[in-house]
Peer 1: 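My questions will all concern the structure given below.
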Amino acid sequence: MGKAKGSAPLFDQLSKSLKAEGGDLVARVKGLILFKIDGDEWTLDLRPETENGTISQGPPPEGFKPDLTLTINDDNFVKLVNGKIGPQQAFLLRKLKIGGSMAMAMKLQPILDAAAPKAKL
Amino acid sequence: MALRGLVTGSDNCTPADGAGPSNALGSLADSLLGGASKQQERLRELPSLQQNGAGLSWAGAPLQAPSIDAAVRAVSEGGRSGMEGSTALNDQRMQFLRQVSPELADFEEIYAQQGRPGTAPGPPHLPWQEAWRDEQQGSEPLQPFLRAFLDSSKAQGPFPALPQPRVQLTVEDQCRIRDRSTIMARQLYAERGEGFADGQVGRLLESLNIDPRHLPAHAHPHSWDALFQQGSRQGLGQPPLSHEVAAGGRMAAAQRPGDLKNGWAEDFARLQLRDGPPNQWAAEFDQRQAANGGWAQEFQSSRPDAWAHEFGSAQDSQLKEVWDEQQGKRTSASALADTKRLAETLAGSNDPKMKNSKFLQFVSKMSRGEIILEGNQAKEVPASVMGNQWAEDFVAARPSDQAKVKDWTDDFAARWAEDADALADEFTSEMGNDPAAAAWVNQFAEQEGGNELDSKMDEWIEQFSQQTSEELQEQQQRRQAMSSRAGLPTSQDYIMAEDNPFLEDTNSFSKGRELFRDGLLTEAMLAFEAEAQRNPSNVEAWRMLGTVQAENDDDLQAIAALGRALQADPNNPEVLLSLGVSHTNELDQAQALSYLHTWMTTHKQHSQAAATVPVPGDSSQRLSYVIREFEAAAAKAPQDSDLHVALGVLNNLARSYDRAVESFRRALQLRSGDYSLWNKLGATLANSTRSSEAISAYQRALELKPNYMRAWVNMGISQANVGEYELSARYYVRALSLNARSSNVWGYLRTSLSCSGRLDLIPSVDDEDLRRMQQQLPL
């Protein structure tokens with residue numbers, strides 16, 4: 001895929017949001033989530049030992065297995081974060097593939113909300 | 001028919017580019033309601049079905065829907081049908097009706113769709129057909145009502161009263177109208193609340209002479225609610241919905257084979273005249289039904305191809321089997337029941353967290369049959385724990401890996417930057433209001449001249465981590481070396497534009513002010529930059545530069561400029577407040593708190609009132625402590641709008657948006673012409689998911705200052721939040737024409753285009769081709 005991806009600014013926002021609400025997300029999710037988006041991988045580490053959580057491009061560090069793997073294409077990820085499709089829809093329509101912990105997949109929405117653009121004061 | 005289109009055929013999320021089967025609302029409706037038009041259409045497409053009719057009049061798939069419908073009507077209108085027979089025959093009909101009943105509503109819908117264009121049904125010599133045709137015509141006068149209902153939704157106004165129709169509707173029809181319009185109204189008026197939607201429906205029913213009190217309760221109340229909830233997240237009631245609905249209706253009408261009804265009627269007539277016992281017809285009808293159930297099941301396991309094959313080869317035996325079992329379980333019915341149960345659970349919950357994760361509940365219920373919900377208390381990690389953690393990390397990482405030490409050092413640098421500020425503030429509050437001490441503390445917060453602070457820092461480290469060691473002190477020094485190079489985002493240097501035409505202009509500062517007043521932000525920025533370069537101690541130039549950058553939606557540059565202003569004047573309240581705002585936007589709580597706290601402690605009037613607030617021992621209480629300071633001051637001086645602004649910002653940090661809204665509203669009562677306050681109010685509303693209210697606040701801000709780029713961007717975000725993706729793209733383009741350097745906004749523009757299906761424009765976004773975007777998406 002080309003350089004520009006719709007998901008990139010959303011992950012930027014997610015990374016920023018982690019500073020403010022990462023603690024909440026960690027407390028809620030407690031796990032390692034791997035996003036696979038059109039061949040790119042993003043690791044969202046929300047394990048309790050990360051405090052505020054971290055997001056980084058690339059697979060999880062060696063020796064760590066993601067608790068949840070979400071596979072989706074860039075376009076659909078953008079739609080997911082923008083609320084154009086719900087996670088439930090995306091899953092039922094097989095646009096979103098879920099591997100690993102279903103219980104953790106249930107907690108996806110707050111993560112998506114954290115990645116959505118925020119209005120500025 | 002438009003109403004059905006709304007319920008099943010076209011949710012407002014279906015992309016205009018037709019990419020894939022994204023009609024999940026529809027599929028859910030289908031699975032809840034049983035056989036649906038989509039399935040029927042697919043059935044028709046299967047070649048094996050066309051040939052496998054066994055010569056029976058209605059066995060060809062295209063005729064199926066009307067056949068069932070007719071059977072139902074024949075049963076329900078037995079008195080007029082001319083098909084009256086023995087009681088045994090009547091029993092059989094009743095059996096049909098029971099069999100069919102789950103799908104009844106839907107088949108009726110299909111039938112109504114097909115009848116709407118109004119080709120006359122076949123040979124008119126059968127009395128029941130006459131009766132049926134009458135009924136078809138009877139439904140015609142409904143159209144203006146339903147259309148008016150839709151139109152009123154576009155205008156978002158109340159449903160206008162229309163002259164009474166001369167229609168006598170059956171109870172069934174009345175129910176259908178009530179149910180469908182309720183769903184539709186809840187979609188269309190999602191923003192105005194259920195009360196309004198129900199009122200609209202009430203007016204519609206009233207003008208149709210329908211008394212809801214006389215109607216039976218909703219047929220599938222849970223499914224409706226589930227449908228509505230499913231749709232509500234993305235379907236926040238946009239006007240375009242009705243267009244899509246109308247289009248869906250037209251499409252459905254066009255798809256209907258023209259001779260369908262005639263053919264069916266003839267077939268039916270032939271069947272009637274046959275010598276064979278009517279029982280046979282009934283039996284075969286049952287078979288069809290049962291086969292349909294089996295098919296639905298197969299379809300749910302999503303192997304349509306396999307099924308088609310299987311069906312082609314083994315249809316007969318399958319039919320027989322299913323027929324044999326027909327008194328037994330109907331698998332599709334049980335699947336429906338499952339789904340319905342799920343839907344009930346979804347609908348029954350009022351907890352917003354639950355709604356948020358409904359997908360996951362759904363999935364989880366499917367897989368395990370239980371729901372796990374986590375509590376959602378916000379737990380703040382106390383700083384001492386952070387410290388221990390960090391020290392442990394360090395000890396663990398140090399001997400093994402040099403690279404990790406580096407990471408850690410960076411980490412330390414970042415964290416130290418925050419905590420130094422915090423410490424500085426605490427120190428400030430202890431020192432009281434001595435300006436010299438305050439200045440020194442500010443210097444400390446700026447991380448200037450760390451050497452003299454070594455002893456202070458040691459204390460801090462001890463208190464912070466309890467694990468101090470020689471190594472830590474070594475690392476301190478390394479950190480200071482690192483942080484100057486690492487380019488921490490919050491301490492970025494201000495980046496000046498190149499080739500500034502104002503550089504030679506000694507009068508650029510006053511020109512900058514003029515340009516700023518005229519709303520020419522980019523030119524004003526250049527003028528201020530020129531002034532700041534020539535005269536770096538001009539606080540006002542740096543402060544204005546910070547303001548311009550904030551209005552241009554670039555908080556990092558704003559922070560850098562304001563930081564320079566603060567160097568020249570460490571206690572400038574306006575600079576401190578702006579820094580608090582910009583750090584809040586960057587979600588940097590520690591920094592924002594530090595500046596706002598300094599604002600308070602150095603303020604001539606308010607610092608005394610704030611000093612009455614007890615200082616908490618625990619730094620995790622810091623946010624609520626600063627909020628209490630400002631509340632104490634605001635209680636004493638309610639006329640100072642700055643206090644309310646600061647409280648609004650702080651409550652944004654605390655994510656208590658309702659309070660923040662209240663604070664900004666109060667500030668606006670005192671300064672109603674301040675466009676930046678309107679934007680702050682809007683942003684707060686938007687971040688608390690009240691985007692439609694936010695839009696009107698932004699509108700106010702933009703009326704006052706049309707070149708307020710930040711408000712244009714925020715407007716775009718809110719429009720995207722309410723599902724107006726194309727409109728939001730237009731706002732983003734407008735924002736970019738004020739400041740095309742914002743890569744964030746280019747990114748947002750891209751997401752909105754991809755949501756609105758304007759994939760053709762995405763290459764232009766990648767090229768940042770502003771001119772083409774302006775041509776394509778004018779506002």
Side-chain angles (χ1 to χ4, degrees), chain A residues 2-10 12-13 16-24 26-30 48-52 74-79 81-96 98 102-110 112-113 116-121, chain B residues 13 20-22 24 27 230 233-234 356-364 367-368 372 374 376-381 386 389 553 555 581 584-589 649 652-653 655 679-680 682-684 686-687 694 710 713-714 717-718 720-721 723 725 744 747-748 750-752 754-755 765-766:
Chain A
K3 53 184 170 101
K5 282 208 177 182
S7 50
L10 303 177
D12 280 356
Q13 178 63 48
K16 225 189 251 178
S17 297
L18 285 179
K19 282 199 283 183
E21 47 187 307
D24 292 0
V26 168
R28 207 180 296 183
V29 178
K30 300 193 194 74
E49 49 266 45
T50 61
E51 278 171 40
N52 280 335
D74 187 54
D75 194 36
N76 284 326
F77 181 75
V78 166
K79 287 179 182 169
V81 171
N82 277 275
K84 170 130 182 174
I85 45 172
Q88 181 181 1
Q89 271 182 317
F91 178 70
L92 293 176
L93 296 166
R94 296 182 172 70
K95 292 177 171 180
L96 169 65
I98 295 178
M102 276 293 168
M104 201 172 288
M106 283 167 46
K107 297 159 187 158
L108 187 55
Q109 191 60 53
L112 297 177
D113 290 343
K118 297 278 181 296
K120 295 202 175 152
L121 299 175
Chain B
C13 311
S22 68
S27 21
Q230 248 246 331
R233 182 163 183 250
Q234 61 277 353
N356 282 345
S357 58
K358 65 188 174 189
F359 140 67
L360 305 151
Q361 292 164 33
F362 187 66
V363 171
S364 170
S367 57
R368 291 179 304 157
I372 294 174
E374 288 285 327
N376 56 329
Q377 313 103 310
K379 284 180 201 155
E380 288 196 28
V381 187
M386 275 165 55
Q389 181 84 44
D553 206 39
D555 280 302
V581 172
T584 301
N585 286 334
E586 289 297 306
L587 299 171
D588 196 337
Q589 177 172 324
V649 175
N652 259 292
L653 272 178
R655 282 183 276 159
N679 177 64
K680 286 180 176 66
T684 308
N687 287 338
R710 167 155 287 169
V713 177
N714 283 340
I717 292 172
S718 279
N721 283 344
Y725 299 107
N744 264 353
Y748 296 160
R750 196 177 201 285
T751 62
S752 278
S754 107
C755 284
V765 174
D766 290 344

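A, B, ... follow the sequence lines: proteins, then strands. Residue 1 opens every chain.
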Peer 1: Any sub-3.5 Å donor-acceptor pair from A:Lys120's side-chain atoms to B:Val713's backbone N or O?
Peer 2: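 The answer is no, because no donor-acceptor pair under 3.5 Å joins these two groups.
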
Peer 1: For the residue pair A:Pro117 and B:Ile717, what are the closest heavy atoms and their distance?
Peer 2: O-CG2, 3.7 Å

Peer 1: Got a donor-acceptor contact below 3.5 angstrom from the B:Asn744 side chain to the A:Gln13 backbone?
Peer 2: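 Answer holds: no.
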
Peer 1: Under 3.5 Å, side chain of B:Asn687 to main-chain N/O of A:Ala119, donor-acceptor pair present?
Peer 2: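 A pair under 3.5 Å: yes.
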
Peer 1: Please name the pair of heavy atoms, one in A:Asp75 and one in B:Ser754, separated by the smallest distance, quoted to 0.1 Å.
Peer 2: OD1-OG, 2.8 Å

Peer 1: Minimum heavy-atom separation for A:Ser17 and B:Leu587, please, with both atom names.
Peer 2: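 Taking A:Ser17 first and B:Leu587 second, the nearest heavy atoms are CA-CD1, 3.6 Å.
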
Peer 1: Taking side chain as everything from C-beta outward and backbone as N, CA, C, O, which of these in B:Thr584 sits under 4.5 Å from a heavy atom of chain A? Side chain, backbone, both or neither.
Peer 2: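 Contact with chain A: side chain only.
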
Peer 1: I'd like to know which of A:Pro9, A:Ala20, A:Ala116 tops the heavy-atom pair count under 4.5 Å against chain B.
Peer 2: A:Ala20

Peer 1: Looking only at heavy atoms, which two atoms of A:Leu121 and B:Lys680 are closest? And how far apart?
Peer 2: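 Smallest heavy-atom distance, with atoms named: CD2-O, 3.6 Å.
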
Peer 1: Which atoms of A:Leu10 come close to chain B, meaning under 4.5 Å heavy atom to heavy atom: side chain ones, backbone ones, both, or neither?
Peer 2: side chain

Peer 1: Quick one: CD on B:Glu586 to NZ on A:Lys16, what's the gap to the nearest 0.5 Å?
Peer 2: 4.0 Å

Peer 1: What is the distance from atom CG of A:Asp24 to atom CZ of B:Arg655, rounded to the nearest 0.5 Å?
Peer 2: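 A:Asp24 atom CG to B:Arg655 atom CZ measures 4.5 Å (nearest 0.5 Å).
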
